[in-house]
Each structure stands twice: as structure tokens, then as C-alpha cells.
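Quick notes on the structure that follows.
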Amino acid sequence: MAAPYNPQQIEEKWQAAWEKSGIYKARDFDKRPKFYSLVMFPYPSGDLHMGHMRVYTISDVISRNRRMLGYNVLNPMGWDSFGLPAENAAIKHKLHPGAWTDKNIKYMRDEQLKKLGTSYDWDREVTTSSANYYHWTQWLILKLHEAGLLYRKSAPVNWCPQCETVLANEQVENGACWRHPETPVEQKQMSQWFLKITAYSDQLLDDLDKLTGWAERVRLMQKNWIGKSEGAELNFTVEDKPNVRITVFTTRPDTVFGVSYLVLAPEHPLVKELTTDKQRAEVEKYVEVAKRKTELERVAADEKSKTGVPIGAHVINPFNGDAVPIWVSDYALMSYGTGAVMGVPAHDERDFAFAKKFNLPIKEVIAPEGKAQGELKEAYIEPGIMVNSGQWNGLPNEDAKKKMVDWAAQNLSGKPRTQFRLRDWLISRQRYWGCPIPLIHCEKCGAVPVPYDQLPVKLPTEGITFTGQGGNPLGKAADWLNVKCPKCAGDARRETDTMDTFIDSSWYYLRYCDANNDKLPFAKDKVDYWMPVDQYVGGIEHAILHLLYSRFITKALRDLKLVSCDEPFSNLLSQGMVTKYSQQSGRIEKMSKSRGNVVGTTDFFKKFGADAARLFTLFAAPPEQELEWSEEGAIGQFRFLGRVWRLVQDLIDSKAILNAEGKPAAPPEGIRAYGNLDQRGKTLLQSIHATVKAVTDDLSPQRYQFNTAIARCMELVNGLYKFTYESDSDGNGKESSGGEPGVRSNLTQQEKELLSFAVCNLLRLLAPMAPHLAEELWHQSGCARSAEDFIHTSEWPTYVPELTVSDTIELVLQVNGKVVGKTHVPRGLPDDEARNLALSDEKVKSKLSGQEPTKVIVVPNRLVNVVIPGQGK
RNA sequence: GCGCGAGUGGCGGAAUGGCAGACGCGCUAGACUUAGGAUCUAGUGUAGCAAUACGUAAGGGUUCAAGUCCCUUCUCGCGCACCA
């Protein structure tokens with residue numbers, strides 16, 4: 001009796017053997033076609049659970065499949081290891097963030113990712129918090145500084161009081177910090193470092209069209225985030241002050257005759273200047289209140305709670321000379337457009353609500369049929385014909401738009417303008433555990449870059465304590481802080497802000513191409529060989545932040561001639577999250593520690609093995625969908641693996657698949673013709689070829705349907721059981737009753753070759769998904785030529801298209817589209833014969849009851865549909 | 001509110017416009033047993049003894065033929081949301 005399937009034992013054995021062999025090393029400049037397979041690298045939080053494992057499994061299957069298909073695969077892994085949790089852990093445990101991080105990395109790498117059976121090239125491991133990585137983050141940021149893309153300015157910024165740091169716009173969600181939605185961010189005026197991502201707004205938007213390998217919804221999210229609006233600037237002159245003009249941005253210059261007021265943002269510099277004495281007290285109070293409002297409160301305000309105060313002054317509409325009042329209201333944002341908005345209540349929902357509340361005139365200037373509708377119940381925002389608009393009356397509003405902007409340009413009262421929602425990327429963080437910004441502040445010279453030969457600016461460890469109070473510990477490290485200016489050698493201070501960790505992760509895929517370079521971040525020729533990434537796999541939560549930043553950095557580095565590609569990720573697979581029932585909430589929720597519904601990796605691997613875990617996460621749902629973790633389902637995969645194991649053991653024990661030398665009995669080229677096989681053998685051979693085709697297609701980038709790939713393997717295994725155990729005569733199943741079930745004793749030599757061929761192919765099809773079991777049986781069954789001949793470097797099986805389909809088919813007979821019968825016919829039966837066959841069928845005849853059919857549709861090799869008249873539907 | 005996406009057995013999910021429910025979980029029955037998170041065999045959409053009828057959120061349409069394409073409605077999920 002063969003040994004039972006013991007995953008733990010074989011998994012450890014092969015993980016060690018693979019590591020020793022180096023079969024997963026990527027080779028720079030190899031002649032094989034390259035395939036760069038990337039998975040979003042983790043933050044080393046300390047413990048991965050089954051929810052995390054899904055993404056690594058998917059990416060690993062793709063990598064292994066491509067490798068077997070003959071590609072030179074780069075499949076690297078690393079750690080996004082700067083960031084707040086390490087610093088918070090340091091405060092809590094009185095441990096340096098670096099020590100905490102290193103400990104976590106070691107555990108996650110050696111006890112979790114390796115034990116999952118991943119095929120990473122660990123020689124290229126990167127850790128963003130190590131000096132040999134952040135050295136080059138600093139190098140790159142200085143290059144961006146030289147290119148004018150890094151600048152410092154004082155601006156109102158989002159401050160998270162809990163993180164004690166500023167945040168990028170992208171990291172503010174509903175007015176709260178992305179890390180804790182319960183903490184509203186505050187507005188602070190601070191001098192901060194920004195990256196000029198807006199210089200690339202147009203490219204980032206236009207090139208989305210090139211990304212055909214991305215899901216439409218991800219592209220759409222980026223498009224909306226960039227938020228391009230075409231419109232115009234229009235200048236309104238202040239009444240009685242001909243030298244003072246207020247410029248508004250509008251996407252609807254065609255509605256300018258309907259302006260009945262103008263709004264300034266509370267922060268707008270002209271508010272103070274223009275407010276009349278009479279209104280001053282009220283306006284100042286309003287501005288004060290608006291300033292104190294958090295972003296959250298401003299966002300939460302709906303139309304009914306619109307607020308505002310007239311400042312007493314008026315402006316002249318450049319188109320018709322009307323004077324309209326100026327208001328201050330916080331629905332105008334200083335950070336968008338010009339901070340001033342023209343109010344057109346008749347054709348803007350927001351303005352309509354504002355006018356209703358404050359009793360401002362509503363003047364209709366666009367009407368559906370060119371006739372004014374009179375009193376409006378709501379804003380009319382559809383296209384229409386111009387009315388009440390002087391010389392433009394009667395024009396379609398879209399035509400008027402262009403002409404009116406032209407007119408404004410000629411009269412110096414406006415010009416076309418494109419406005420983006422995207423803002424520059426605020427990268428300063430007032431925290432210790434991040435990459436130091438390599439600049440030095442000198443009173444005389446300003447902000448001076450640290451010379452390249454003095455990089456990296458290392459994070460100091462001396463004199464640093466983590467108390468969680470009093471701000472950034474870097475500000476207290478006197479030895480580190482006080483330096484001489486590189487330019488004038490005078491006294492100067494280091495920048496104490498560190499970089500947003502999204503900087504680290506927006507170039508790590510480039511570092512993988514040349515991870516051990518100690519002269520440069522990467523050699524250009526290596527990056528040009530590997531880039532772009534052929535398949536990126538990761539969570540949808542990065543649809544905007546990380547992916548947009550990475551695209552920007554790639555484009556900026558392209559313009560600096562440091563890389564050649566301009567889009568980093570050709571294909572993106574956004575895998576769905578893993579969920580599980582949570583005792584805490586009583587609902588099915590995303591698997592996470594805080595929800596108390598995690599399934600750990602270690603226990604599961606010990607009991608059922610990594611292969612079963614991999615198979616279940618692949619099988620239970622298509623990769624882009626949500627997946628509910630089910631212990632029973634996972635055990636089901638363990639049973640399937642056991643079924644494969646027992647079958648192959650049985651075949652080996654009974655000498656059914658090995659020849660006298662202990663090698664597979666199948667001819668080396670496989671079995672590519674029916675030969676003398678009987679029907680049962682033909683069916684199995686066909687099933688083998690069909691399975692190879694189906695799994696090959698399912699694993700291809702066009703599909704990535706791992707669930708059906710596994711289902712097809714299961715079908716083949718079921719077929720093999722039938723073929724192997726079912727005796728000819730009684731058909732009573734596994735060697736009838738009693739005793740050890742056994743392999744059919746009457747196997748012919750040809751059938752043994754067939755079985756042998758089946759096993760070699762089945763194992764290779766399973767290899768990407770269940771790498772350990774496949775490897776073990778590959779060697780046991782003698783398919784391996786030596787102990788070093790790994791299944792993962794073997795060739796992916798091929799199929800003969802003609803053998804993927806049977807030579808007879810079941811022809812479906814329909815009457816008016818309903819199935820009335822089926823009949824077996826040879827494949828390729830001529831249409832007229834199929835037609836005659838259908839018309840002579842008893843059931844069809846009885847339905848016809850003597851009538852002539854109106855029509856007979858023949859779908860070759862599928863069905864015949866007889867259409868009978870007058871029977872309705 | 002706007003924009004995407006999805007609704008298929010008890011459950012997860014399959015189906016280039018051509019036999020709905022592959023494959024698995026669960027369940028039922030049988031066999032076997034060195035009792036193992038066993039294994040093997042058969043069955044399992046609903047109603048019915050059956051023939052058969054009905055079935056892919058609801059309604060309509062296109063088509064010889066619709067889960068699949070079109071329109072309307074409903075439900076759920078996701079994203080964005082004072083962006084002028």
C-alpha cells in the first residue's frame with residue numbers, strides 16, 4: 001500500500017529543492033521572450049492571512065505557466081516597508097521601527113510566502129526602508145528636483161491629527177484620513193514639498209487609451225480623478241473700480257447672460273479688499289467660521305444648508321454690462337479653478353439652490369425649443385437654443401460656447417481654459433519612518449540638494465526616541481539635523497520631512513530589474529529589457545493612488561531619459577477581496593484582523609497543505625470577483641489532490657504507467673493519433689487533448705479563468721478513474737465489491753502508454769496551480785529524467801486540435817427551438833443529411849403531423865431546428 | 001444625484017446567440033473499512049409515480065433559437081460626489 005498524501009512533507013522537500021536549484025532566477029538579456037510578472041508588494045505588517053494569499057497565488061500561477069511556456073520570467077518580491085504602523089509599533093513596544101520591520105519581513109518571507117510555494121527570484125528582493133534602496137529613492141527625487149518637478153510652497157494642506165502628519169489629496173477620503181475614517185482632517189497652512197504631477201495631466205489622461213490591458217473601470221476611475229474640464233476664464237470688472245477684475249472659471253460660458261451673482265471662496269484674496277464697510281462685520285464672521293470648518297463639514301453640506309454672505313460690492317458682466325452682487329460662500333473652493341464662480345441659477349443645480357435660498361434672480365438663457373419656459377422649477381442643464389442673450393440668440397448653445405469665448409478673447413475679457421481636478425502631489429510627511437528628503441535648508445542659499453556623492457541621507461538612530469508626542473523625532477536629532485550648507489558651507493539644517501511612502505512604491509518595479517546595482521538605481525538597458533511589466537496583479541484599492549503615481553513617475557523618468565517605456569504596466573488584473581463570516585458583525589466581510597475573521601496560513605498549511613489553499617482560492621471564484629473563504633470548500637480541494645495522489649500511486653504500484661526502466665511508458669512525443677484504441681481509449685485520448693487545450697486557454701492572459709482550468713483537470717481525473725478502475729464486463733465500478741480497489745487488470749500495452757501520457761500531461765497542467773504535488777508525482781512517476789529535472793522547467797503540454805473533439809457528436813433535434821430529441825451522428829455530417837435525419841425522426845414527425853415545415857435551420861455538428869408554422873410561440 | 005458592474009439550484013460558480021446548471025461544496029443511498037477531517041459507486045433545479053411541464057430578478061422586444069443582444073423597471077455591490 002502506497003503512502004497517503006502528506007502535503008507538509010512533500011511541500012517542504014520541494015521548496016528546499018527549488019531554492020537550491022535556482023530555477024526561478026530571471027536572466028537579464030536572455031534570448032527567450034521576456035515576461036515580467038509583478039504582484040503588488042506587501043507592507044510588512046507581520047502576518048499574512050489567507051485573504052492576502054490570494055493575490056500571490058494568482059500571480060504565481062501566471063508566472064509558473066509562462067515559465068513552462070518558454071518565457072524568461074521575472075517574478076520578484078519585496079517589501080513596502082516604510083510607513084506609520086512600524087513607527088506606532090515602535091512607540092508601543094519601545095523597539096526601533098527597523099528592528100520591528102526586519103523581524104516581520106523574515107517571518108512573512110520564510111514562514112508564509114515561501115511556504116505558499118511561490119516562485120520568486122529572491123536575489124532581487126527589495127526593501128524600501130533599507131539604505132541601499134532609499135539611497136536611490138533620494139537619487140531619483142533629486143533628479144526630479146533638477147527637472148523642476150519637485151518644489152516647495154506654502155499651501156493649505158490636509159493635516160491628520162491622529163497621524164500627526166499632512167496627507168496628499170488622494171489620501172483624504174470623505175474629508176477624513178484614509179487610515180481612519182473616524183478622524184476628520186484639518187486644514188493647515190504649511191510650507192511643504194510637492195511633485196508636479198499636474199505637468200503630466202494631459203498625458204496621464206490621454207495614455208489611458210493605450211492601457212487596453214486594464215479593466216475599464218480602473219481606467220474610468222483614473223479619468224475621473226484627473227478630471228479634465230474644458231471651459232473658459234471670464235473677467236468681471238468690479239463696479240466703480242475699473243482696475244480690479246475678478247476672473248472666474250466656467251465650463252458654461254454660453255450661460256453668461258444668466259449670471260445673477262458672483263461667488264468668491266472665503267480664502268479669496270479679493271474678499272478683504274472689496275467688502276464694503278457695511279458688510280465687513282458679517283463677512284469677516286462668515287470667513288472665520290468657514291475657515292474653522294473641517295473638510296468633512298464642508299463636504300457634508302447639502303444644498304439646503306448652502307451658506308453665504310453678500311460683500312456689498314458688485315461686478316460688471318463683460319457681455320451685457322449688468323451689475324451683479326458679489327457673495328462669499330464656501331461652496332466656491334480656492335483650490336479649484338480661480339476660486340471665483342459666476343452664479344447662473346437657471347442652468348446650474350447648485351446655483352439654483354443658492355439663488356432660491358437667498359432670493360436671487362433666476363434668468364433663463366437657454367431653452368429646449370428656443371422659447372423661454374418662464375418660471376423654472378429646477379435648473380435646466382440640457383443643451384438648447386440661446387435666448388435672452390443678445391446677438392447670440394437663436395444659436396444652439398454648443399455653437400455659442402465657442403463663439404462667445406472667441407468674442408471674450410477679442411475684447412480682452414476672457415480666454416479658453418482647461419481645468420484639471422488633479423492637484424500636485426504633496427509628498428512631505430512629518431514622520432520619522434520614511435525616506436528622508438535629501439535637501440538642506442540654508443538661510444543664504446535656500447533649499448540646497450544634498451550632493452549625489454553624499455547620498456544616502458540615512459535615518460539617524462542616535463538620539464532618537466519614540467514617544468508619540470512632540471512631533472517628528474527627526475527634529476530633535478541635533479547631530480543629524482545641523483549641517484553645513486553644501487553651497488556656502490554656512491550653518492544649515494536638514495529637511496526633517498520624510499517622503500510619502502507612495503514614492504517608494506512608485507518605482508520599485510524598476511529596481512527589481514537591477515536590484516543589486518550599487519552605482520545607480522538601475523541600469524537603463526536592464527530596465528529597457530524587462531519593462532514594461534507584462535502582468536501586474538493587485539487590489540482594486542490601488543486603482544488611483546499607486547497606479548497613478550507610478551504612471552507619473554515612469555513618464556517623468558522617461559523624459560529624463562532614464563527609462564524608455566512610458567507606461568509601466570501593460571496588463572493589470574485587479575483581484576477581488578477574500579471575505580468570510582465575521583462573528584463580530586454577523587455579516588460576511590472582508591477578511592481582516594480587526595474584523596476577527598482571519599484564517600491563518602500556518603495551521604492550514606500544516607493540515608491540508610499550501611497546494612490545497614492555492615487550489616481553493618483559485619477554484620472558488622474567478623479572480624476579479626469576491627471570494628468567500630470556506631473551510632469545507634478548501635478541504636474539498638485537499639480531497640481532489642488526494643484523489644490525484646491515489647490514482648498516480650495506484651498506477652505506479654500496478655506498473656501501469658512505467659516501462660521496465662521505470663520511465664513513463666508513453667512515447668516521448670506523446671500520443672497524437674488514435675491508433676488501435678477502442679472507443680474507451682479514444683474517449684480518454686480525446687479528453688487529454690481537450691483538457692490540454694482548455695487549460696492552456698483558461699490560463700492565458702485573454703481569460704485567466706483559473707476556476708474553470710481546475711474544473712477541467714477534475715474532469716480529466718474523473719475520466720481517468722473510470723478508465724482505470726472500471727472493468728469491461730460488469731461495469732460495476734471500482735473492481736466491484738470488497739477488497740482493495742485495484743487497477744483494471746486487462747490493460748493493454750497501448751492503454752498503459754495512454755495512461756502514462758495522461759499522467760504526464762495532467763501533472764504539467766496542474767503544476768502552476770498545485771506546484772508541490774505536481775513536482776512530487778512528476779518525479780515518482782518517472783517523468784523527470786533526473787532529480788534536478790523539475791516539472792516547473794518542463795515544457796507546457798501541447799495538443800492536436802483534431803483530437804480535442806470526438807469523431808461522433810450528439811445532434812440535437814428541435815422543433816420551434818424546443819428540444820424534442822437527440823441522436824448520435826458522425827462529426828461533419830452534411831447539412832442535408834442532418835436535415836433528412838431530423839425530418840424522419842418519429843418525434844419530429846408527430847409534432848409536424850403532416851405539415852410542411854416553414855424552415856429548417858441546420859447548425860453543423862450541433863442541432864437541427866424544424867420550424868413549424870402557425871403554432872405561435 | 002452621477003458613473004460603472006452584477007442578479008443563474010440549498011451554496012460557490014459553468015455556459016464563442018445553439019441541449020441552462022460544467023466543476024466543486026452540501027445532501028441522499030449503497031459498498032468497504034487497518035474508523036480516516038477516510039475512500040469508492042450512484043443520485044441530487046422545481047413539480048410529478050411517470051410521460052411531461054416549468055425554470056437564469058420582473059416585464060417587454062429582436063431572432064428559427066436569448067442566461068447571453070436591445071428597451072423599461074426593481075434589487076445589490078463598487079467608485080465619484082458643492083470641481084463651477
Side-chain angles (χ1 to χ4, degrees), chain A residues 1 4 173-174 215-218 220-221 223-225 227 229 231 248-252 255 263 298-303 305-306 329-333 335-344 348-351 353-354 419-422 540 543-544 607-608 615-616 619-622 624-628 630-640 642-643 646 705 707-715 717-718 721-722 725-726 731-741 810-819 821-822 853-859 861-868:
Chain A
M1 183 61 188
E173 291 171 359
N174 294 322
E216 183 59 29
R217 64 174 175 144
V218 178
L220 210 66
M221 280 163 77
K223 187 178 168 219
N224 291 338
W225 188 263
S229 297
V248 302
F249 171 71
T250 179
T251 55
R252 295 297 303 274
T255 65
V263 177
R298 273 174 82 153
V299 164
D302 59 14
E303 283 176 357
S305 61
K306 283 229 177 331
S329 170
D330 63 5
Y331 90 75
L333 308 173
S335 51
Y336 187 79
T338 60
V341 185
M342 64 185 208
V344 186
D348 182 280
E349 285 176 27
R350 222 180 15 182
D351 297 347
F354 192 81
Q419 175 69 37
F420 290 91
R421 211 186 83 114
L422 185 68
I540 188 74
I544 296 174
K607 280 193 228 160
F608 305 109
L615 233 43
F616 176 72
F619 180 72
E624 279 166 302
Q625 270 180 43
E626 215 168 75
L627 180 153
E628 190 187 340
S630 134
E631 179 93 357
E632 275 112 11
I635 293 171
Q637 297 306 310
F638 173 71
R639 286 206 290 259
F640 168 64
R643 208 164 138 80
R646 285 187 298 277
Q705 296 255 341
N707 53 336
T708 50
I710 293 169
R712 296 309 298 259
C713 291
M714 288 172 166
E715 281 183 83
V717 170
N718 292 345
Y721 264 72
K722 278 208 166 64
Y725 299 108
E726 201 170 73
N732 267 347
K734 201 161 175 179
E735 200 61 19
S736 71
S737 55
E740 271 299 298
E810 204 174 35
L811 189 72
V812 173
L813 306 179
Q814 293 183 335
V815 173
N816 286 349
K818 295 211 164 177
V819 180
K822 297 168 190 180
T854 329
K855 212 193 245 183
V856 178
I857 311 278
V858 179
V859 183
N861 295 327
R862 274 192 203 275
L863 57 79
V864 182
N865 187 12
V866 180
V867 185
I868 300 178

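Below, chains carry the letters A, B, ... as their sequence lines are ordered, and counting in each starts from 1. Just so we're clear, the structure is a prediction, and the values are computed from it rather than from any experiment.
Per the geometry, CE belonging to A/Met221 stands 5 Å off C1' belonging to B/G79, to the nearest Å. Note: CZ (A/Phe249) to P (B/A84) measures 6 Å, nearest angstrom. Rounded to an integer number of Å, the gap from A/Lys223 NZ to B/C4 P is 10 Å. A straight line from CG of A/Leu220 to P of B/C2 spans 16 Å, rounded to a whole angstrom. The distance between atom CD1 of A/Ile540 and atom P of B/C78, rounded to the nearest whole Å, is 12 Å. Rounding to whole angstrom units, CG of residue A/Asn816 and P of B/U63 are separated by 15 Å. Distance, A/Ile544 CD1 to B/C4 C1': 13 Å, rounded to whole Å. One interatomic measurement links the two molecules: CD of A/Glu349 to C1' of B/A81, which rounds to 12 Å at whole-angstrom precision.
In this model, the phosphate group of B/A81 is approached by a side-chain N or O of A/Arg421 to a distance below 4.0 Å at OP1 or OP2. Look at A/Arg350 and you won't find any side-chain N or O under 4.0 angstrom from OP1 or OP2 of B/A81. Within the 4.0 Å cut-off from OP1 or OP2 of B/A84, not a single side-chain nitrogen or oxygen of A/Tyr331 is found.
Atom P of B/A57 sits at a distance of 8 Å from the matching atom of B/U68, rounded to the whole Å. Rounded to the nearest Å, the gap between the P atom of B/U16 and that of B/G77 is 28 Å. Between the C1' atoms of B/U73 and B/A29, the separation comes to 46 Å (whole Å). Nucleotides B/G9 and B/G24, compared at atom C1', are 14 Å apart to the nearest Å. On the P atoms, B/G55 is 25 Å away from B/C23, given to the nearest whole Å. Nucleotides B/A14 and B/G21 are separated by 15 Å at their P atoms, to the nearest Å. Separating the C1' atom of B/A66 from that of B/A15 is a span of 13 Å, rounded to the nearest Å. As rounded to the nearest Å, B/G10 and B/G5 have P atoms that lie 29 Å from one another.
Between A/Ile544 atom CD1 and A/Leu422 atom CG the span is 10.5 Å, to the nearest 0.5 Å. One finds the CD atom of A/Glu632 at 6.5 Å from the CD1 atom of A/Ile635 (value rounded to the nearest 0.5 Å). Annotation: the span from A/Gln637 atom CD to A/Ser630 atom OG amounts to 10.0 Å, rounded to 0.5 Å. If you take CD on A/Gln419 and OG1 on A/Thr251, they are separated by 10.5 Å, rounding to the nearest 0.5 Å. Taking CD of A/Glu624 as the start and CD1 of A/Ile540 as the end, the distance is 8.5 Å to the nearest 0.5 Å. In this structure, A/Arg643 CZ and A/Asn718 CG are separated by 4.5 Å, a value rounded to the nearest 0.5 Å.
For the pair A/Val341 and A/Val248, the minimum side-chain heavy-atom distance is 4.5 Å or more. Residues A/Val864 and A/Val812 have side chains not in contact (no heavy-atom distance under 4.5 Å, counting atoms from C-beta outward). Between A/Gln814 and A/Ile857, the closest side-chain pair of non-hydrogen atoms is not below 4.5 Å.
Applying the 90° cutoff around 0 to the glycosidic angle, B/G9 is assigned syn.
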Got a list of protein N/O to nucleotides 35-37 of chain B N/O distances below 3.5 Å?
residue, atom, partner, partner atom, Å
B/G37, O6, A/Lys607, NZ, 2.8

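Position along RNA chain B of the nearest nucleotide to A/Lys855 versus A/Gly633 favours A/Gly633 as the more 5'-ward residue. Checking A/Leu627 against A/Gln637, the closest nucleotide of RNA chain B that is more toward the 5' end is the one next to A/Leu627.
Within the nucleic acid shown, A/Glu632 comes within 4.0 Å of sugar-phosphate atoms alone, with no base atom in reach, counting heavy atoms only.
In this structure, A/Arg350 is not positioned above the aromatic face of A/Tyr331 in the sense of NZ or CZ being under 6.0 Å from the six-membered ring centre and within 45° of the axis.
When Watson-Crick and G-U wobble pairs are counted only if both distances are under 3.5 Å, B/U68 pairs with no nucleotide at all. Pairing for B/U62 is absent, judged as Watson-Crick or G-U wobble with the two contacts each under 3.5 Å. Across all strands shown, B/A14 forms no Watson-Crick or G-U wobble pair with both key distances under 3.5 Å. In this structure, B/C74 and B/G7 make a Watson-Crick or G-U wobble pair, each of the two defining distances being under 3.5 angstrom. With a cut-off of 3.5 Å on both pairing distances, the Watson-Crick or G-U wobble partner of B/G43 is B/C27. Base pairing analysis places B/C49 opposite nothing; no Watson-Crick or G-U wobble pair with both distances below 3.5 Å involves it. Under the Watson-Crick or G-U wobble criterion, with both distances below 3.5 Å, B/U34 has no partner in any strand shown. The partner of B/G1, taking Watson-Crick or G-U wobble pairs whose two distances both stay under 3.5 Å, is B/C80.
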- [ ] Dump the intermediate steps for side-chain contact (heavy atoms from CB on, under 4.5 Å) on A/Leu863 and A/Leu813, then the final yes or no.
- [x] CA-CA 6 Å; A/Leu863 57 79; A/Leu813 306 179; over 6 Å; no
TODO: Classify every nucleotide of nucleotides 15-23 of chain B by which part a protein heavy atom approaches to under 4.0 Å, writing B for the base, S for the sugar-phosphate alone and - for neither, in 5'-to-3' order.
DONE: SB-BB--BB
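The nucleotide whose nearest atom lies closest to any side-chain atom of A/Lys722 is, among B/C82, B/A42, B/C80, B/A42. The side chain of A/Arg217 has B/C4 as its nearest neighbour among B/C40, B/C82, B/C4.
In this view, A/Phe638 and A/Tyr5, A/Phe608 satisfy the ring pair (Phe, Tyr, Trp, His ring centres under 6.0 Å) rule, not counting sequence neighbours.
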